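Here's the structure, in structure tokens; my notes come after.
Everything numeric in this text was worked out from a predicted model, so none of it was measured.
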Amino acid sequence: MILAVGNIKGGVGKTMLAVNIAVALAQRGRDVLLIDGDDQASASTFARIRSDLEVSKLTTVQLHGAAIRQQMKQLSAKYDEIIIDVGGRDTGSLRAALTVAGAILVPFQPRSVDLWAGEQIAALVQEAREVNEGLKGYALLNVADAQGRDNEDATAALSALDGLEPLSTSVVRRKAFPNAFSAGLSVLEFSPKDAKACGEILSIVNALYTRGI
Ligand SMILES: Nc1ncnc2c1ncn2[C@@H]1O[C@H](COP(=O)(O)OP(=O)(O)OP(=O)(O)O)[C@@H](O)[C@H]1O
Ligand SMILES: [Mg+2]
């Protein structure tokens with residue numbers, strides 16, 4: 001019900017995934033709130049562009065630091081699903097989100113330098129479990145190559161992280177993601193439709209929500 005999409009590493013696709021998952025859930029008839037917990041406010045910019053289009057509305061609020069924790073009780077009573085996009089550093093917002101979330105989805109890019117940050121975020125997730133016992137942590141490979149060794153190496157490295165479970169789906173580098181995002185749309189709504197991009201988002205949503213986070 002409360003999903004954080006976060007990593008201490010920037011530019012790994014947190015916002016792109018957060019908005020696509022939010023739209024996918026809205027399309028399933030869920031009442032979704034997207035919380036923009038990042039100072040750069042790119043999820044809010046997305047929502048603003050979107051608000052001029054004839055597509056389903058995506059309710060978005062900006063909340064930072066302790067406010068994420070303080071307002072969650074009230075907000076979670078109002079919405080079926082909450083998705084929190086939390087910034088690319090070890091911020092108060094990320095820590096606050098980890099105390100209230102049912103799960104965190106941590107995107108990684110398949111380059112070893114990004115995986116170093118993996119140990120730090122995995123440690124933060126473990127630490128958060130001291131106060132939020134049921135917190136689940138999922139690692140996801142994003143901006144993966146369509147094929148090749150790097151993906152396998154990265155998947156193996158993600159499997160070795162204590163505290164994060166790797167999702168079996170990964171997301172390949174596809175133009176549809178930035179193209180849809182800059183138009184204020186999910187890949188599920190964007191035309192021309194990229195069936196593979198849509199399939200990747202839907203299998204992430206299935207993996208996360210059929211387990212009942
Ligand atoms: N699978 C993908 N294929 C192609 N481009 C992608 C993919 N995932 C993300 N991108 C692009 O990579 C860039 C970074 O993604 P995004 O802004 O979602 O990352 P972020 O982790 O939220 O970054 P920040 O830390 O700055 O908030 C964006 O231009 C986005 O459109
Ligand atoms: Mg972002």
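Using a 4.5 Å cut-off on side-chain heavy atoms (C-beta onward), T59 and D31 make no contact. Using a 4.5 Å cut-off on side-chain heavy atoms (C-beta onward), I104 and L3 make no contact. Counting only heavy atoms from C-beta outward, the side chains of I201 and V187 approach each other to under 4.5 Å. By the 4.5 Å heavy-atom criterion applied to side chains, L185 and L53 are counted as neighbours. Taking the side chain as every heavy atom from C-beta outward, L105 and L167 approach each other to under 4.5 Å. By the 4.5 Å heavy-atom criterion applied to side chains, R174 and K196 are counted as neighbours. When side chains are defined from C-beta on, L140 does not count as touching V106, because their heavy atoms never get closer than 4.5 Å. Using a 4.5 Å heavy-atom threshold, the side chains of M1 and D80 count as separate.
Taking OG1 of T15 as the start and CG of D36 as the end, the distance is 7.0 Å to the nearest 0.5 Å. Rounded to the nearest 0.5 angstrom, E119 CD and L124 CG are separated by 12.5 Å. Atom CD of residue E200 and atom CG of residue N142 lie 8.5 Å apart, to the nearest 0.5 angstrom. Interatomic distance, L17 CG to I204 CD1, rounded to the nearest 0.5 Å: 5.5 Å. Between N206 atom CG and R28 atom CZ the span is 4.5 Å, to the nearest 0.5 Å. The CG atom of L158 sits 15.0 Å away from atom OH of Y138, with the distance rounded to the nearest 0.5 Å.
Inspection of the N20 and S186 side chains reveals an N or O donor paired with an N or O acceptor under 3.5 Å. Side chain to side chain, T60 and R50 fail the donor-acceptor criterion of an N or O pair below 3.5 Å.
The two residues R95 and E127 have their closest heavy-atom pair at NH1-OE2, 3.4 Å. Nearest approach of V125 to G163, heavy atoms of both residues: CG1-O, 3.9 Å. Closest non-hydrogen pair, R129 versus G137, comes out as NH2-N, 3.4 Å. Smallest separation of non-hydrogen atoms from N151 and A146: ND2-C, 4.5 Å. Taking both residues in full, the closest heavy atoms of A47 and L58 are given as CB-O, 4.3 Å, listed atom of the first, atom of the second, then distance. The nearest pair of heavy atoms linking F46 to F181 is CD1-O, 3.4 Å.
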- Query: After noting the C-alpha distance and the side-chain angles of I83 and I35, does the key distance pass the side-chain contact (heavy atoms from CB on, under 4.5 Å) rule?
  - Reply: CA-CA 6 Å; I83 296 172; I35 298 181; over 6 Å; no

- Task: Might you work through the side-chain contact (heavy atoms from CB on, under 4.5 Å) test for I8 and L94, ending with a clear yes or no?
- Result: CA-CA 8 Å; I8 49 175; L94 175 59; 3.8 Å; yes

- Message: Please evaluate residues K14 and N7 with respect to the criterion side-chain contact (heavy atoms from CB on, under 4.5 Å), reporting the C-alpha separation (whole Å), side-chain torsions for both, the decisive distance (0.1 Å), and the verdict.
- Response: CA-CA 8 Å; K14 297 180 295 293; N7 194 339; 4.2 Å; yes

- Task: Please step through side-chain contact (heavy atoms from CB on, under 4.5 Å) for the pair F108 and L164, ending with a clear verdict.
- Result: CA-CA 12 Å; F108 290 93; L164 293 179; 4.1 Å; yes

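In this structure, K57 places its NZ atom where only 12 or fewer heavy-atom neighbours from other residues, nucleotides or ligands lie under 6.0 Å away.
Side chain of Q109 to main chain of G11: a donor-acceptor pair is present (N/O by atom type, distance under 3.5 Å, no hydrogens or angles). Proximity of a side-chain donor or acceptor of S170 to a complementary backbone N or O of L141 within less than 3.5 Å is not detected. Formation of a donor-acceptor pair under 3.5 Å by the D38 side chain with backbone atoms of A41 is not found in this model. Side-chain N or O atoms of N132 include one that pairs as donor or acceptor with a backbone N or O of L98 at under 3.5 Å.
Linking Ile, Leu, Val, Met, Phe, Trp and Tyr whenever their side-chain heavy atoms come within less than 4.5 Å puts V171 and Y209 in one cluster. Following chains of ILVMFWY side-chain contacts shorter than 4.5 Å, one can reach L188 starting from I21, so the two form part of one hydrophobic cluster. By the criterion of side-chain heavy atoms lying less than 4.5 angstrom apart, applied directly or through intervening Ile, Leu, Val, Met, Phe, Trp or Tyr residues, F177 is grouped together with V205 in one hydrophobic cluster. V143 and M16 fall into different hydrophobic clusters, defined by Ile, Leu, Val, Met, Phe, Trp and Tyr side-chain heavy atoms under 4.5 Å apart, directly or through other members. Linking Ile, Leu, Val, Met, Phe, Trp and Tyr whenever their side-chain heavy atoms come within less than 4.5 Å leaves F190 and V23 in two separate clusters.
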Could you tabulate the donor-acceptor pairs under 3.5 Å formed by side-chain atoms of residues 66-78, not counting sequence neighbours?
unit_1	atom_1	unit_2	atom_2	d
S76	OG	M72	O	2.9
S76	OG	K73	O	3.2

